Protein chains: 2
Amino acid sequence: MKKSLGAKTILYPTPVLVVGSYDAEGKANVMTAAWGGIACSNPPCVSVSLRAATATHGNIMSRKAFTISLPGESNAAQADYFGTVSGRDHDKFADVGVTAVRSELVDAPYVGEFPLVLECTVTAVHELGLHTQFIGEVVDVKADESVLGEDGGIDLGRLKPIMFAMGLPGSYFGVGELVGKAWSIGKALA
Amino acid sequence: MKKSLGAKTILYPTPVLVVGSYDAEGKANVMTAAWGGIACSNPPCVSVSLRAATATHGNIMSRKAFTISLPGESNAAQADYFGTVSGRDHDKFADVGVTAVRSELVDAPYVGEFPLVLECTVTAVHELGLHTQFIGEVVDVKADESVLGEDGGIDLGRLKPIMFAMGLPGSYFGVGELVGKAWSIGKALA
């Protein structure tokens, strides 16, 4: 029997997206968002939704670019901090001791110490209500060599990405056990 | 040292979104997508991106509604199957022995046996390239009582949601260990 929980934003998992941007004076900022994901394969695009009240929102509207620095488990506390204060009155990079690296490809900084980075140019802006959804075309993905496997791709066991789960309070979780291989475990049912 | 991986859709985690829709004859269909997530808090909206070649894409363009049935670990093989064949020549519900439940709120069916369901009306359609991004306003969320905790909210340990991870091949993973509490673990750094 299903029970109605009402009109809410309930979905699992959601990602932990650390969004990098520059303000009008060129000061690097970073904030953490969980409303977003991959939006298109070709051109490769991601979406991230931000409230207009955030400093990052204004930065991206002006610069038309952002980065996503993806935290591993060891970066979770830093990513959490980035979601708790505003870049208007904090230098969040300095506060937690990480490096703002200027992207050579887009007009935005990323977190040098985080293991996976997406550099994006804004190709569309969608006003959805409380949140504005930015579509970013992925110009490049950069990864620490320490999280790559022998095949040159991402090794999930080395990257150790985290997810955000809503709840009281919200929580970050790591990746659990393998449940099955895609385009494979369903074939046994057919 | 970071290594460039090129312009790609690499992000972890991505969700496993089983998208329900009706075709022109009212036949229920369901497909699995990983490109999407929450898009706005108010009104509550999700996004899901689909290729125009899919049957579900045409269904949603016509009906302006869809559901998302979220699989738990025990539904992973069924969800995987839904992503491997087309609803044009398969009754995917019958193929894997699950029930197409007609939503009373939107013009779309959902998977009765899956533990969490979002019922959505389409409020925007964004052509991004290979994928069309559908914005769905969440009219209601329904959950099996078996996945609710004592506070009436979702108990993640009971829901056992899965994530999709790209790779060769792609894989489904469960939720891992708690890494930390949100808006909390970062405070120790400030």
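Not measured: the values here are computed from a predicted model. Numbers restart at 1 for each chain; the letters A, B, ... are given by sequence-line order, proteins then strands.
Taking each heavy atom of B/Gly186 and A/Tyr81 in turn, the nearest pair found is O-CD1, 3.6 Å. The shortest heavy-atom contact between B/Asp144 and A/Lys2 is OD1-NZ, 2.8 Å. Shortest non-hydrogen contact noted between A/Trp35 and B/Ser41 is NE1-OG, 2.8 Å. Looking at every heavy atom in both residues, B/Met163 comes nearest to A/Gly174 through CE-O, 4.5 Å. Nearest heavy-atom pair across B/Cys40 and A/Thr9 is O-CG2, 3.2 Å. The two residues B/Ala39 and A/Ser49 make their nearest non-hydrogen contact at O-OG, 2.6 Å.
Following chains of ILVMFWY side-chain contacts shorter than 4.5 Å, one can reach A/Met31 starting from A/Met61, so the two form part of one hydrophobic cluster. At a threshold of 4.5 Å between side-chain heavy atoms, the hydrophobic network of Ile, Leu, Val, Met, Phe, Trp and Tyr places B/Val30 and B/Val85 in one connected group. A/Val16 and A/Val98 end up in different hydrophobic clusters when Ile, Leu, Val, Met, Phe, Trp and Tyr side chains are linked at under 4.5 Å. When hydrophobic clusters are built by joining Ile, Leu, Val, Met, Phe, Trp and Tyr residues whose side-chain heavy atoms come closer than 4.5 Å, directly or via intermediates, B/Val175 is grouped together with A/Phe164. When hydrophobic clusters are built by joining Ile, Leu, Val, Met, Phe, Trp and Tyr residues whose side-chain heavy atoms come closer than 4.5 Å, directly or via intermediates, B/Ile162 is grouped together with B/Val46.
Contact of B/Leu50 with chain A is not made at all, since no heavy-atom distance falls under 4.5 Å. Only the side chain of A/His126 comes within less than 4.5 Å of a heavy atom of chain B; its backbone N, CA, C and O stay farther away. Of the two parts of B/Leu178, the backbone and the side chain both hold a non-hydrogen atom closer than 4.5 Å to a non-hydrogen atom of chain A. For chain A, the nearby part of B/Glu177 is the backbone; its heavy atoms alone come within less than 4.5 Å. Of the two parts of B/Val139, only the backbone, made up of N, CA, C and O, holds a non-hydrogen atom closer than 4.5 Å to a non-hydrogen atom of chain A. Looking at A/Ala165, only its side chain comes within 4.5 Å of chain B, counting heavy atoms on both sides. Contacts of B/Leu70 with chain A are made by side-chain atoms alone, with heavy-atom separations under 4.5 Å and no backbone atom involved. Of the atoms belonging to B/Phe82, not a single heavy atom falls under 4.5 Å from chain A. Using a 4.5 Å cut-off between heavy atoms, A/Pro44 contacts chain B through both its backbone and its side chain. Contact annotation for A/Phe134: neither backbone nor side-chain heavy atoms come within less than 4.5 Å of a heavy atom of chain B. Looking at B/Leu128, the atoms closer than 4.5 Å to chain A (heavy atoms on both sides) sit in the backbone and in the side chain alike.
When atom types are taken as modelled, the side chain of B/Asp140 and the backbone of A/Gly6 share a donor-acceptor pair closer than 3.5 angstrom.
Ranked by heavy-atom pairs under 4.5 Å with chain A, the list B/Leu5, B/Val141, B/Ile68, B/Asp95 is led by B/Val141. Contacts with chain B were tallied for A/Ala182, A/Gly37, A/Ser184; A/Ala182 has the most, counting heavy-atom pairs under 4.5 Å. For chain B, the option among A/Glu73, A/Lys92, A/Met1 with the highest count of heavy-atom pairs below 4.5 Å is A/Met1. Between chain A and the options B/Lys8, B/Glu119, B/His90, the largest number of non-hydrogen pairs under 4.5 Å is found for B/Lys8. Chain B forms the most heavy-atom pairs under 4.5 Å with one residue out of A/Cys45, A/Gly180, A/Pro43, and that residue is A/Gly180. Heavy-atom pairs under 4.5 Å with chain A peak, among B/Val179, B/Leu116, B/Leu189, at B/Val179.
To the nearest 0.5 Å, the span separating NZ on B/Lys3 from NZ on A/Lys142 amounts to 13.0 Å. The distance from atom CG of B/Leu156 to atom CE of A/Met166, rounded to the nearest 0.5 Å, is 9.0 Å. Remark: A/Tyr12 OH to B/Ile154 CD1 distance equals 5.0 Å, nearest 0.5 Å. With rounding to the nearest 0.5 Å, the separation of OG in B/Ser47 from CG in A/Leu11 is 9.0 Å. The distance from atom OG of A/Ser4 to atom CG of B/Leu105, rounded to the nearest 0.5 Å, is 7.5 Å. Atoms NZ and CG, from B/Lys187 and A/Asp80 in turn, are 8.5 Å apart once rounded to the nearest 0.5 Å.
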Determine, step by step, whether B/Ile10 and A/Val138 satisfy the side chain to side chain contact (heavy atoms under 4.5 Å, CB included) criterion, reporting the C-alpha distance in whole Å, the side-chain angles of both residues, the deciding distance to 0.1 Å, and the verdict. CA-CA 9 Å; B/Ile10 299 179; A/Val138 181; over 6 Å; no

Go through the steps for A/Ile135 and B/Gln133 under the test side chain to side chain contact (heavy atoms under 4.5 Å, CB included), then give the verdict. CA-CA 10 Å; A/Ile135 302 292; B/Gln133 183 195 52; 4.0 Å; yes

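Taking the centre of each ring, B/Tyr172 and A/Trp183 stay at or above the 6.0 Å mark.
With a 6.0 Å radius and a threshold of 12 heavy atoms from other residues, nucleotides or ligands, B/Arg51 has its CZ atom at or below the threshold.
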